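Quick caveat: nothing in here was measured; it's all calculated off a predicted structure. Here is how names work: the chains are called A, B, and so on, in the same order as the sequence lines, proteins then strands, and each is numbered from 1.
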2 protein chains.
Amino acid sequence: MKRPVVTIIGLGVVGGSYAGALSAAGYTVYGVARTTDTIAKAKQRGMIADGGTDAAPFAAKSDVVVIALYPGQVAPYLRALAPYLRPGTVVTDVAGIKSLIQKEVEEALPEGVEFVFAHPMAGREKRGIDYADPAVLRGANFILVRGANTSQSAMETVRKLAEDMGFERIVEVSAQRHDEIIGFVSQLPHAIAVALVNSDEESAETEKFIGDSFRDLTRIASINETLWSELFLGNRDNLIRSIDDFTRQLNAIRDALAAGDKDALEALFKSSTERRNRYVKK
Amino acid sequence: MKRPVVTIIGLGVVGGSYAGALSAAGYTVYGVARTTDTIAKAKQRGMIADGGTDAAPFAAKSDVVVIALYPGQVAPYLRALAPYLRPGTVVTDVAGIKSLIQKEVEEALPEGVEFVFAHPMAGREKRGIDYADPAVLRGANFILVRGANTSQSAMETVRKLAEDMGFERIVEVSAQRHDEIIGFVSQLPHAIAVALVNSDEESAETEKFIGDSFRDLTRIASINETLWSELFLGNRDNLIRSIDDFTRQLNAIRDALAAGDKDALEALFKSSTERRNRYVKK
């Protein structure tokens, strides 16, 4: 099968990493960004064959279009681009929430064009093409969400793209289930890291005392506030439920502490050790 | 200055890593462990020059004795060993809590022997000599706590040891301040990681969906329950205060979410980003 020609809209950390990975895998990749400066960088680094600030001419000659923008930008961008897409084009996204955008995105789809919702579980705390790096995609998880009318063949096209970029585990779930799980595995950890850092007393000179555990837990407290406030609010009910579940467990530790109950603490620690070892093999 | 001869009691992750690092730095190191099997491993790997299951003969010919055992074992062990220590010996520990043990340790000290409380901010989730590795010490923080009658020269002896093992930032604080800070930078992150993992719904097949953030935040949920229940209970009031401060911040996020307040969320994220970037330069 001939490799599809791919246009990537948005060359930030995720879009740029996609571009670099696909170009390295032998795809013809076009890039679209807001500034010619970004396009020049992407070309110079061999991430794209060509590109520009106007998506239309590139999308019109592509088999796959990746909209690597913030969640709320996907549907409006697709609407603007719709007249230029050829029938048979597969469009995909990288947004971290799905239920909220699914309907609007599908309504923006022109006749004969399919949409495959995708969420690459990879990224970095920084933003912009300077922090794009195909290495962050390798071995990462990749989530596919089938749209209301998405064909199996369109799903396979995006799955193949993910494989060729080096994603390791590719799973398909519903938009609703995606958002439930992401509320727990991604958004809750970000909320926790932010709260942990914000609960530091300002005078503590924390940096002199931290070990790896604190460093690891707070890495993602350095956070893109525009993107993540959108992600949080776009998945509000799921995230609140995850926060409440977590708070109950933290209170179980607090209660055991307050009661001086060593057995209860040990039981909670054994449970977490067993679970952690089960789902992370490293 | 001649390098002191060092006996390390307990060749687990921390004691074993100390032994390996000090031997590599040219020190004469003796090791004491509960089994001859551990001693044989330590010798074979060049971590110690000699050793055995009885500390007395080795401690008696050492300038520095490191008690690398759990916090509650330090004072009892020191009491048993006291008759064999030469005047001028400096004894130190690696315990993660200080206020609780300080008085009992100091009462166990024989005439002419000094104690320097120390807390290396390094370790691993696993236990035992097989997971000892001097590399975990390199670049880590090291906390010194001066005892009631500790001389400057004894402090300098342990500081030099820490430097030679590769610790990067060595700070001195009071036992009380140590425990306050550790409740926040070390114990709270462990409580959070445990609660996060324990709040997972059992059926979620979480492993298919996790990204680096979840992996990083939960690494320490795999936890030595014997040691950490002792550490938590031995620093109960400080840890409960840290949990409560953290919970307030998490609730601030939850409140902003429930109110749909994007500005409030962004402000919390900006604050955490600014703080994280300030105290962790990487």
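Looking at A:Val173, the atoms closer than 4.5 Å to chain B (heavy atoms on both sides) all sit in the side chain, from C-beta outward. At a 4.5 Å heavy-atom cutoff, the contact between B:Ile253 and chain A is made by side-chain atoms alone. At a 4.5 Å heavy-atom cutoff, the contact between B:Ser271 and chain A is made by backbone and side-chain atoms alike. For chain B, no part of A:Asp237 is nearby; none of its heavy atoms comes within less than 4.5 Å. In this structure, the portion of B:Leu188 lying under 4.5 Å from any heavy atom of chain A is its side chain and not its backbone. Using a 4.5 Å cut-off between heavy atoms, A:His190 contacts chain B through its side chain alone, with no backbone atom that close. Contact annotation for A:Val194: both backbone and side-chain heavy atoms come within less than 4.5 Å of a heavy atom of chain B. Within the 4.5 angstrom heavy-atom criterion, atoms from both the backbone and the side chain of A:Leu250 approach chain B. For A:Ala191, the parts sitting under 4.5 Å from any heavy atom of chain B are the backbone and the side chain alike. Only the side chain of B:Ile143 comes within contact range of chain A, with at least one heavy atom under 4.5 Å from a heavy atom of that chain. For B:Leu268, the parts sitting under 4.5 Å from any heavy atom of chain A are the backbone and the side chain alike. Of the atoms belonging to B:Ala258, heavy atoms from both backbone and side chain fall under 4.5 Å from chain A. Both the backbone and the side chain of A:Leu196 come within contact range of chain B, judged by heavy atoms closer than 4.5 Å. Both the backbone and the side chain of A:Ser213 have a heavy atom closer than 4.5 Å to some heavy atom of chain B.
A:Arg127 has a carboxylate O that lies under 4.0 Å from a charged side-chain N of A:Glu225, or vice versa, which qualifies the two as a salt bridge. Between B:Arg159 and B:Glu163 there is no salt bridge, since none of the side-chain N atoms of the basic residue sits less than 4.0 Å from a carboxylate O of the acidic one.
Residues A:Ser17 and A:Asp133 bring no donor and acceptor atom of their side chains to less than 3.5 Å of each other. B:Arg254 and B:Asn251 are not linked by any side-chain donor-acceptor pair at a separation below 3.5 angstrom, with hydrogens and angles left out of the test. In the model, A:Ser272 has no side-chain atom that pairs as donor or acceptor with a side-chain atom of B:Asn198 under 3.5 Å. B:Asp93 and B:Tyr70 are not linked by any side-chain donor-acceptor pair at a separation below 3.5 angstrom, with hydrogens and angles left out of the test.
Of the listed residues (A:Asn224, A:Asp244, A:Asp263), the one with the most heavy-atom contacts under 4.5 Å to chain B is A:Asp244. Between chain B and the residues A:Ser229, A:Ala122, A:Pro189, A:Ser186, the largest count of heavy-atom pairs under 4.5 Å involves A:Ser229. For chain A, the option among B:Asp216, B:Thr247, B:Leu257, B:Asp245 with the highest count of heavy-atom pairs below 4.5 Å is B:Leu257. Note on A:Leu265, A:Val171, A:Ile192: by heavy-atom pairs under 4.5 Å with chain B, the leading option is A:Ile192. Note on B:Lys262, B:Arg219, B:Lys270: by heavy-atom pairs under 4.5 Å with chain A, the leading option is B:Arg219. For the set A:Leu217, A:Leu239, A:Thr226, the count of heavy-atom pairs under 4.5 angstrom toward chain B peaks at A:Leu217. Between chain A and the residues B:Ile170, B:Ile220, B:Leu233, the most heavy-atom pairs under 4.5 angstrom are made by B:Leu233. Interface check for chain A: of the options B:Glu180, B:Met121, B:Glu266, B:Glu168, the most heavy-atom pairs under 4.5 Å are formed by B:Glu266. Ranked by non-hydrogen atom pairs under 4.5 Å with chain A, the options B:Ile240, B:Ile182, B:Asp261 are led by B:Ile240.
B:Phe209 and B:Phe214 have their aromatic ring centers separated by at least 6.0 angstrom.
Side-chain contact between A:Tyr18 and A:Leu137: present, with at least one pair of heavy atoms (C-beta onward) separated by less than 4.5 Å. You'll find the side chain of A:Leu231 reaches within 4.5 Å of the side chain of A:Pro71, heavy atoms only. Taking 4.5 Å as the limit, every side-chain heavy atom of A:Phe167 sits out of range of all side-chain heavy atoms of A:Leu161. Taking the side chain as every heavy atom from C-beta outward, B:Phe142 and B:Leu144 approach each other to under 4.5 Å. Under the 4.5 Å side-chain criterion, counting only non-hydrogen atoms from C-beta, A:Arg138 is not in contact with A:Met165.
For the side chain to side chain donor-acceptor pair (under 3.5 Å) test with B:Ser99, the passing option among B:Asn238, B:Asp179, B:Asn235 is B:Asp179; the others fail.
Across B:Met155 and B:Val145, no two heavy atoms sit closer than the pair CE-C, 4.3 Å.
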